[in-house]
Asker: 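Before anything else, here's the structure in question.
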2 protein chains.
Amino acid sequence: MAKPYHHGNLRIVLLQAGVRLLEKRGATHLSLRELAKEAGVSHTAPYRHFKDKASLLTALAQVGYERLAEAMETTACQFADDPRQQIRDAGIAYILMAVRNPQVFHLMFGGIVKTTEYTPELSQAAQRAFAGLTKIINNGQEAGIYRSQDSASLALAAWSLVHGLSTLVNAGLLQSSPSSEEQLSAIADSVCNHLLCGMLG
Amino acid sequence: MAKPYHHGNLRIVLLQAGVRLLEKRGATHLSLRELAKEAGVSHTAPYRHFKDKASLLTALAQVGYERLAEAMETTACQFADDPRQQIRDAGIAYILMAVRNPQVFHLMFGGIVKTTEYTPELSQAAQRAFAGLTKIINNGQEAGIYRSQDSASLALAAWSLVHGLSTLVNAGLLQSSPSSEEQLSAIADSVCNHLLCGMLG
DNA sequence: ACCTGAACACCGTTCAAGT
DNA sequence: ACCTGAACACCGTTCAAGT
């Protein structure tokens with residue numbers, strides 16, 4: 001069966017191969033020409049679907065936010081009766097997403113995609129991801145377990161904590177780098193507990 | 001006065017111009033050739049001082065860690081009698097360093113410099129930076145203000161929090177992006193307070 | 001020791017030309 | 001509409017040659 005001249009599917013194929021190549025090479029060394037070769041098209045074909053390399057990277061970041069949103073939404077539907085458990089699970093899900101897709105995570109948050117170049121779709125995907133986290137905070141607030149009424153600042157603190165830990169782990173900067181996901185989950189759990197209960201005695 | 005054939009100073013000049021060019025172009029688009037032109041030497045001269053581009057970036061990341069270490073050490077020497085104030089000040093100093101040098105910060109933590117390629121000097125500079133933060137935690141522990149005895153996990157939580165907030169601000173992902181350093185400091189203070197006092201009521 | 005210019009193999013991007 | 005090959009201006013890196 002002959003391959004159709006009009007590929008028809010190229011955009012999807014480029015995104016899938018793009019994620020694979022991104023994790024292999026990193027955003028900096030991801031080459032459009034290599035990507036085109038992997039997809040079996042000429043090196044200018046991607047320009048039919050993406051204005052330039054930055055635009056491809058933007059689309060890949062969007063894929064990342066969509067994955068993160070899924071992970072958050074899944075967690076937000078579990079343990080709805082235990083807000084403490086929910087927030088720890090969300091933190092762990094966030095961090096696992098980061099360590100399993102380090103280059104995608106880096107692309108999402110590393111300032112490679114300029115905020116000024118965000119497409120509406122990307123902004124929406126990002127908002128979906130954070131809405132999941134916010135919902136978990138709101139669940140806890142309805143249950144009356146939080147000290148503060150300012151849910152935005154609570155969510156920001158929680159988000160900063162898990163996000164920072166993810167980055168530090170990916171950068172390999174922990175004194176004892178966790179060698180397994182179980183170990184990593186334990187670290188994440190301990191850090192989340194400090195935020196829930198406070199450092200002060 | 002004629003410029004000496006042996007520049008003598010080139011490494012320093014390249015690092016200084018490198019930081020400037022890094023903030024202007026970002027790590028990805030920082031070009032050795034442009035850097036050489038700015039320094040007034042041929043495009044191969046930098047190879048006398050840096051094995052390759054990665055090695056230059058490593059050196060620039062080291063400069064960043066040294067700046068961060070200075071900021072932490074300065075804070076660790078102030079308000080030694082008030083550990084709560086110290087940790088908030090350290091957090092604010094950390095975040096200000098990040099937003100004032102976003103590309104350097106990104107280079108330090110974005111996974112661009114591979115952990116496996118860390119030079120001893122870079123590791124040492126990074127450790128110095130975190131030692132400052134650890135010292136502040138230890139001060140508080142000696143004063144007996146913390147709930148937990150595990151100072152490493154306390155430091156990791158504090159570090160994750162300020163680091164995550166820095167990254168999110170630099171990525172432009174806060175709902176209301178702070179327009180001034182005063183506003184940013186207020187946000188940082190609020191987030192730090194959540195960690196100190198805990199989210200739970 | 002330190003610097004240079006030519007050369008090589010890549011890259012992103014554009015564009016006239018093909019189906 | 002979608003894809004191609006040639007072309008252009010860049011880039012990192014190497015190397016023989018200069019002082």
Asker: Please give, in whole Å, the distance from dA1(D) C1' to L10(A) CG?
Answerer: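 So the CG-C1' distance, L10(A) to dA1(D), works out to 13 Å.
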Asker: Using the ring pair (Phe, Tyr, Trp, His ring centres under 6.0 Å) rule, collect all pairs that involve residues 108-135 of chain B, keeping only residues at least two apart or in two chains.
Answerer: Y65(B)-F109(B), F105(B)-F109(B), F109(B)-H163(B), F130(B)-W159(B)
Asker: Mind checking whether S153(A) and H194(B) have side chains closer than 4.5 Å, heavy atoms only?
Answerer: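 A side-chain contact exists here, since the closest heavy-atom pair is under 4.5 Å.
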Asker: How far apart are the C-alpha atoms of Q85(A) and D89(A), what are their side-chain angles, what is the distance that settles it, and do they pass the side-chain hydrogen bond (donor to acceptor under 3.5 Å, both in side chains) test?
Answerer: CA-CA 6 Å; Q85(A) 186 64 36; D89(A) 279 0; 3.2 Å; yes
Asker: Send over the distance from H43(A) NE2 to dG12(C) C1', rounded to a whole Å.
Answerer: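 Whole-Å distance recorded here is 9 Å.
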Asker: When you compare the side chain of N101(A) with that of V19(A), does any pair of heavy atoms fall below 4.5 Å?
Answerer: no
Asker: Are T74(A) and Q78(A) close enough that a side-chain donor and a side-chain acceptor fall under 3.5 Å?
Answerer: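 No pair is found: no donor N or O on one side chain lies under 3.5 Å from an acceptor on the other.
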Asker: Tell me, do L200(A) and R84(B) make a side-chain contact under 4.5 Å, heavy atoms counted?
Answerer: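 Result yes, sub-4.5 Å side-chain heavy-atom pair found.
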Asker: Which ones in residues 44-53 of chain A lie close to DNA chain C, meaning a heavy atom under 4.0 Å from one of its atoms?
Answerer: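 Only T44(A), Y47(A), D52(A), K53(A) qualify.
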Asker: Which whole-number value in Å describes the distance from R11(A) CZ to dC3(D) P?
Answerer: 13 Å
Asker: Determine the minimum heavy-atom distance between A76(B) and G132(B), stating which atoms define it.
Answerer: CB-O, 4.2 Å
Asker: Considering residues at least two apart in sequence or located in another chain, which fulfil the ring pair (Phe, Tyr, Trp, His ring centres under 6.0 Å) criterion with H106(B)?
Answerer: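 By the ring pair (Phe, Tyr, Trp, His ring centres under 6.0 Å) rule, H106(B) matches H106(A).
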Asker: Can you sort out the partners of E23(B) under salt bridge (Lys or Arg N to Asp or Glu O under 4.0 Å), two or more places apart, ordered by chain and number?
Answerer: none
Asker: Go ahead and write out DNA chain D as dot-bracket, 5' to 3': ( ) for pairs within the strand, [ ] for ones crossing earlier pairs, | when the partner sits on another strand, dots for unpaired; Watson-Crick or G-U wobble, both distances under 3.5 Å.
Answerer: ||.|||||...|||||.||
Asker: For DNA chain D, find the residues of residues 19-36 of chain B with a heavy-atom distance under 4.0 Å and give them by number; none if there aren't any.
Answerer: L30(B), S31(B), L32(B), R33(B)
Asker: Give a yes or no on whether E66(B) atom CD has more than 12 heavy-atom contacts from other residues, nucleotides or ligands under 6.0 Å away.
Answerer: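 Yes, CD of E66(B) has more than 12 neighbouring heavy atoms, counting only those of other groups under 6.0 Å.
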